[in-house]
2 protein chains.
Amino acid sequence: MTASESKVFSRASGLAAWKQVADSIEADIAAGRISPGDRIAPEAQLAERFGVNRHTVRRGLADLAERGLVRATQGSGTFVEARPLAYPIGLKTRFSEVMAKAGKEARGELVSAEHGNADAATAEALKIKPGAPVLDMLTVNRADGVPLSLARTFLPLPRFLGLEQIFATKGSLTKAYKKFGLDDYKRLSTRITARPAAADEAQMLDIAPGRTLLIINAINVDMDGKPIQSTLSRFVADRVELVVER
Amino acid sequence: MTASESKVFSRASGLAAWKQVADSIEADIAAGRISPGDRIAPEAQLAERFGVNRHTVRRGLADLAERGLVRATQGSGTFVEARPLAYPIGLKTRFSEVMAKAGKEARGELVSAEHGNADAATAEALKIKPGAPVLDMLTVNRADGVPLSLARTFLPLPRFLGLEQIFATKGSLTKAYKKFGLDDYKRLSTRITARPAAADEAQMLDIAPGRTLLIINAINVDMDGKPIQSTLSRFVADRVELVVER
DNA sequence: CTTTATTTGTGCGTATGTATC
DNA sequence: AGATACATACGCACAAATAAA
């Protein structure tokens with residue numbers, strides 16, 4: 001590994017030394033010379049390569065860490081972070097299609113499904129009477145086996161009776177809808193918040209409790225504008241990046 | 001077995017006792033009988049009122065807390081949470097207009113402003129050459145004095161030279177743009193992630209370190225499609241709820 | 001500053017009804 | 001039928017944090 005891979009370091013460029021270090025490593029990542037998961041050179045080695053003090057290297061790495069490009073682990077090294085999966089949010093967002101486009105295999109796993117009664121919020125979302133029967137499904141959605149989100153979905157019940165069994169085998173809500181003669185649907189509303197993961201959520205998503213979750217509250221309607229589902233999705237924040245589509 | 005039950009509470013309704021407690025309190029909140037900021041009755045008192053054990057009340061309160069309706073503080077009480085401010089994200093989102101609509105007074109406070117050089121990511125966002133001059137502003141945006149977000153905004157520099165001085169007095173980026181002959185602009189892209197707040201961020205946003213932040217990476221362009229700003233906004237997650245506009 | 005009362009948080013034990021094997 | 005597991009509910013006690021005296 002020669003220093004020729006990196007840009008030339010200039011003392012008199014006006015740019016702070018730590019910034020030049022950071023920019024150089026960022027360029028290495030952007031150009032694919034170092035890939036997600038790779039350990040970058042130890043700080044001492046970087047200091048020698050750039051001809052700066054280790055403190056200067058650390059300042060640069062801190063800048064990259066703050067922007068989420070690398071993550072330092074004491075005693076182990078500094079690693080290039082996996083770029084989070086871009087997850088589009090738009091009028092017609094389909095989990096399975098989004099994943100297929102990203103070259104990932106999407107699969108929804110049914111954790112539980114039960115018949116319940118709509119509480120005030122769910123009733124308003126689905127435009128049904130409070131206490132009306134709903135299908136209450138809990139699913140874990142994975143991309144290539146890695147849990148991305150934990151979703152609780154409410155569906156109005158006379159209409160989608162038995163949908164959970166189709167979902168369980170197909171692993172896709174879109175496909176399950178087709179069995180009910182519903183070929184197309186769209187997003188009515190999307191609301192986004194974030195909070196730390198509770199113990200049970202962490203367990204199902206295979207993360208440590210307290211890790212950040214992106215909470216998405218979505219309502220989908222059929223082409224007649226009739227609500228067909230109200231979903232509370234909990235995404236592992238450092239595995240996805242939500243992209244708002246226009 | 002005795003008939004000394006509370007009016008809404010029914011032992012043999014099939015609904016779990018804790019759920020009935022939760023529903024009853026939720027109804028009180030929905031009906032405005034208790035308002036955001038109010039302390040609800042102590043657990044012991046609620047237990048007596050509903051004729052159940054305190055554990056049962058706690059189970060119900062835990063349900064409400066998980067849904068963000070209340071927040072318990074040890075030694076102090078359980079309080080009704082303020083509903084987070086709905087923050088629309090769309091093609092033309094203006095902080096000041098959004099706040100005015102919500103009946104809040106919006107004000108951007110300039111923390112720092114300096115001339116810098118675009119790093120790789122900023123350069124790509126603004127479609128300028130890496131290292132090109134940019135205005136690097138750090139602002140805290142408040143609604144009625146409460147910090148909602150901390151934003152780092154990069155603007156291309158020959159074009160917006162001196163904008164920071166106008167922003168400092170006006171407290172609004174939209175107004176500052178007008179002084180540069182830019183009357184209208186639109187959102188090109190919005191990317192959303194989330195993570196805990198660092199110490200310095202927490203201090204400026206008046207929250208505890210580690211509280212969850214919603215990170216929004218936005219690029220705005222003028223009506224010719226030319227990028228005019230790249231902003232990294234850090235919203236206090238439990239003060240706002242992002243609403244994706246269609 | 002110390003003391004005291006209030007309030008939430010936690011633990012353990014007991015009992016019961018309901019599924020499930 | 002029996003055994004087992006699980007969720008629900010109750011009772012008591014104490015710890016920890018907060019607020020008021």
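To find a chain, count down the sequence lines: A is the first, B the second, and so on, and within it residues start at 1. Everything numeric here is computed off the predicted structure, so don't read it as measured data.
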Rounded to whole angstroms, how far apart are [atom1] on [X] and [atom2] on [N]?
{"X": "I40(B)", "N": "dT6(C)", "atom1": "CD1", "atom2": "P", "result": "19 Å"}
{"X": "K19(B)", "N": "dA7(D)", "atom1": "NZ", "atom2": "C1'", "result": "16 Å"}
{"X": "R54(B)", "N": "dT7(C)", "atom1": "CZ", "atom2": "P", "result": "11 Å"}
{"X": "L46(B)", "N": "dT7(C)", "atom1": "CG", "atom2": "C1'", "result": "12 Å"}
{"X": "N53(B)", "N": "dA13(D)", "atom1": "CG", "atom2": "C1'", "result": "13 Å"}

Counterpart residues, side-chain contact (heavy atoms from CB on, under 4.5 Å), relative to [X] (two or more places apart):
{"X": "T193(B)", "answer": "E241(A), I215(B)"}
{"X": "R71(B)", "answer": "E81(B), R211(B), D238(B)"}
{"X": "N220(A)", "answer": "Y185(A), R187(A), I228(A), Q229(A)"}
{"X": "V146(A)", "answer": "R239(A)"}

Would you tabulate the side-chain donor-acceptor contacts of residues 158-170 of chain A under 3.5 Å, counting partners in other chains and residues two or more places apart, or write 'none'?
residue: R159(A); atom: NH1; partner: D222(A); partner atom: OD2; Å: 3.1
residue: R159(A); atom: NH2; partner: D222(A); partner atom: OD2; Å: 3.1
residue: T169(A); atom: OG1; partner: I166(A); partner atom: O; Å: 2.9

Seminar exercise, completed: Letter by letter from the 5' end, nucleotides 11-21 of chain C scores (B base, S sugar-phosphate only, - none; protein heavy atoms under 4.0 Å) B----------
For this session: Keeping to residues at least two apart or across chains, list the salt bridge (Lys or Arg N to Asp or Glu O under 4.0 Å) pairs with something in residues 106-116 of chain A.
Result: E109(A)-R142(A)
Problem set entry | salt bridge (Lys or Arg N to Asp or Glu O under 4.0 Å) pairs, two or more places apart, involving residues 121-132 of chain A | none
Exercise. Of all residues at least two apart in sequence or in a different chain, which pass the salt bridge (charged side-chain N to carboxylate O under 4.0 Å, His left out) check with R83(B)?
Worked result: none
Set out, line by line, the N/O atom pairs under 3.5 Å between protein and nucleotides 15-21 of chain D.
residue: dA16(D); atom: O4'; partner: Q74(B); partner atom: OE1; Å: 3.3
residue: dA16(D); atom: N3; partner: Q74(B); partner atom: OE1; Å: 2.9

Problem set entry | Passing candidate, side-chain contact (heavy atoms from CB on, under 4.5 Å) with I192(B), options N217(B), I89(B), V244(B) | I89(B)
For this session: Any pair with a residue in residues 211-236 of chain A that passes ring-ring contact (aromatic ring centres under 6.0 Å, His included), sequence neighbours left out, goes on the list, sorted by first then second residue, please.
Result: Y87(A)-F235(A)
For this session: Output the residues of residues 61-72 of chain B in contact with DNA chain C, where contact means a heavy atom of the residue under 4.0 Å from an atom of the strand; sort by number or write none.
Result: A72(B)
Problem set entry | Phosphate OP1/OP2 of dG9(C): any R58(B) side-chain N/O under 4.0 Å | yes
For this session: Could you tell me whether D63(B) and R67(B) make a salt bridge, using a distance below 4.0 angstrom between a side-chain N and a carboxylate O?
Result: yes
